[in-house]
Trainee: 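There's a structure below that I have some questions on.
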Amino acid sequence: MRRGVRIGTPHALLYVAARDSVDPTRFGFIVSKAVGNAVTRNRMTRRLRSIGRMYLTQDDHGVDVVVRALPGSPEVPWDTLRSEIFDGLERSASKR
């Protein structure tokens with residue numbers, strides 16, 4: 001998280017760092033207790049993991065992505081969360 005770029009969206013922070021282009025893209029998720037109880041955090045992690053899988057199908061290799069969920073993100077509809085994260089990843093590509 002210390003290197004690369006940080007992209008803010010209304011419901012998540014994205015930390016994106018470039019790697020060697022032959023390496024696969026990796027995702028990591030941070031869902032703190034500020035997001036909610038254990039059930040809510042696990043549901044949020046599953047949603048983020050699914051968004052990561054969708055991104056990997058259109059993936060550019062050699063990127064490390066850490067997604068930090070912000071409080072209030074569990075109440076956001078699926079399409080909104082997915083579009084925010086995809087838009088953030090596209091913005092990060094122009095900054096790398």
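One-based numbering along the sequence shown. Predicted model, so just to flag it, every value in this text is computed and none were measured.
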Trainee: How many angstroms lie between atom CG of L81 and atom CZ of F86, to the nearest 0.5 angstrom?
Mentor: 10.5 Å
Trainee: Specify the closest pair of heavy atoms between A34 and P71, including all atoms of both residues, with the distance to one decimal.
Mentor: O-CB, 3.7 Å
Trainee: Can you tell me how far the CD atom of E75 sits from the CE atom of M44, to the nearest 0.5 Å?
Mentor: 9.5 Å
Trainee: Apply side chain to side chain contact (heavy atoms under 4.5 Å, CB included) to F29 and V66, showing your working.
Mentor: CA-CA 6 Å; F29 307 103; V66 176; over 6 Å; no
Trainee: Could you measure the distance from the OG atom of S32 to the CZ atom of R68? Nearest 0.5 Å is fine.
Mentor: 5.5 Å
Trainee: Going by side-chain contact (heavy atoms from CB on, under 4.5 Å), I7 matches just one of E84, E90, R91. Which one?
Mentor: R91
Trainee: What heavy-atom pair brings T57 and M54 nearest, and what distance separates the two atoms?
Mentor: OG1-O, 2.6 Å
Trainee: Where is the tightest heavy-atom contact between A12 and L70, given as atom of each residue plus distance?
Mentor: N-CD1, 3.7 Å
Trainee: Using modelled atom types only, decide if a donor and an acceptor are shared between the side chain of T45 and the backbone of R41 within a distance under 3.5 Å.
Mentor: yes
Trainee: At their closest point, which heavy atom of P74 faces which heavy atom of V35, and how far apart are they?
Mentor: CG-CG1, 3.4 Å
Trainee: Could you walk me through whether T40 and N37 pass side chain to side chain donor-acceptor pair (under 3.5 Å), step by step?
Mentor: CA-CA 5 Å; T40 304; N37 63 15; 2.9 Å; yes
Trainee: Does any part of the side chain of D64, heavy atoms only, come nearer than 4.5 Å to the side chain of V16, both counted from C-beta?
Mentor: no
Trainee: If two hydrophobic side chains count as joined below 4.5 Å and joins carry through other members, does F27 share a cluster with W78?
Mentor: yes
Trainee: Please report the interatomic distance OG1(T80) to NE2(H11), rounded to the nearest 0.5 Å.
Mentor: 8.0 Å
Trainee: Measure from the side-chain N and O atoms of R82 to the backbone N and O of S50, and report whether any donor-acceptor pair falls under 3.5 Å.
Mentor: no
Trainee: Looking only at non-hydrogen atoms, find the nearest pair between G88 and T9 and report the distance.
Mentor: CA-CG2, 4.5 Å
Trainee: Between the main-chain N or O of R19 and the side-chain N or O of D23, is there a donor-acceptor pair closer than 3.5 Å?
Mentor: no
Trainee: Please give me the minimum heavy-atom distance between T25 and G62, naming the atom from each residue.
Mentor: OG1-N, 4.0 Å
Trainee: Measure the spacing between OG of S92 and CD1 of I85 and express it to the nearest 0.5 Å.
Mentor: 12.0 Å
Trainee: Quick one: CD1 on I30 to CG on L13, what's the gap to the nearest 0.5 Å?
Mentor: 9.0 Å
Trainee: Can you confirm whether Y15 sits close enough to V65 that some side-chain heavy atom of one is under 4.5 Å from a side-chain heavy atom of the other?
Mentor: no
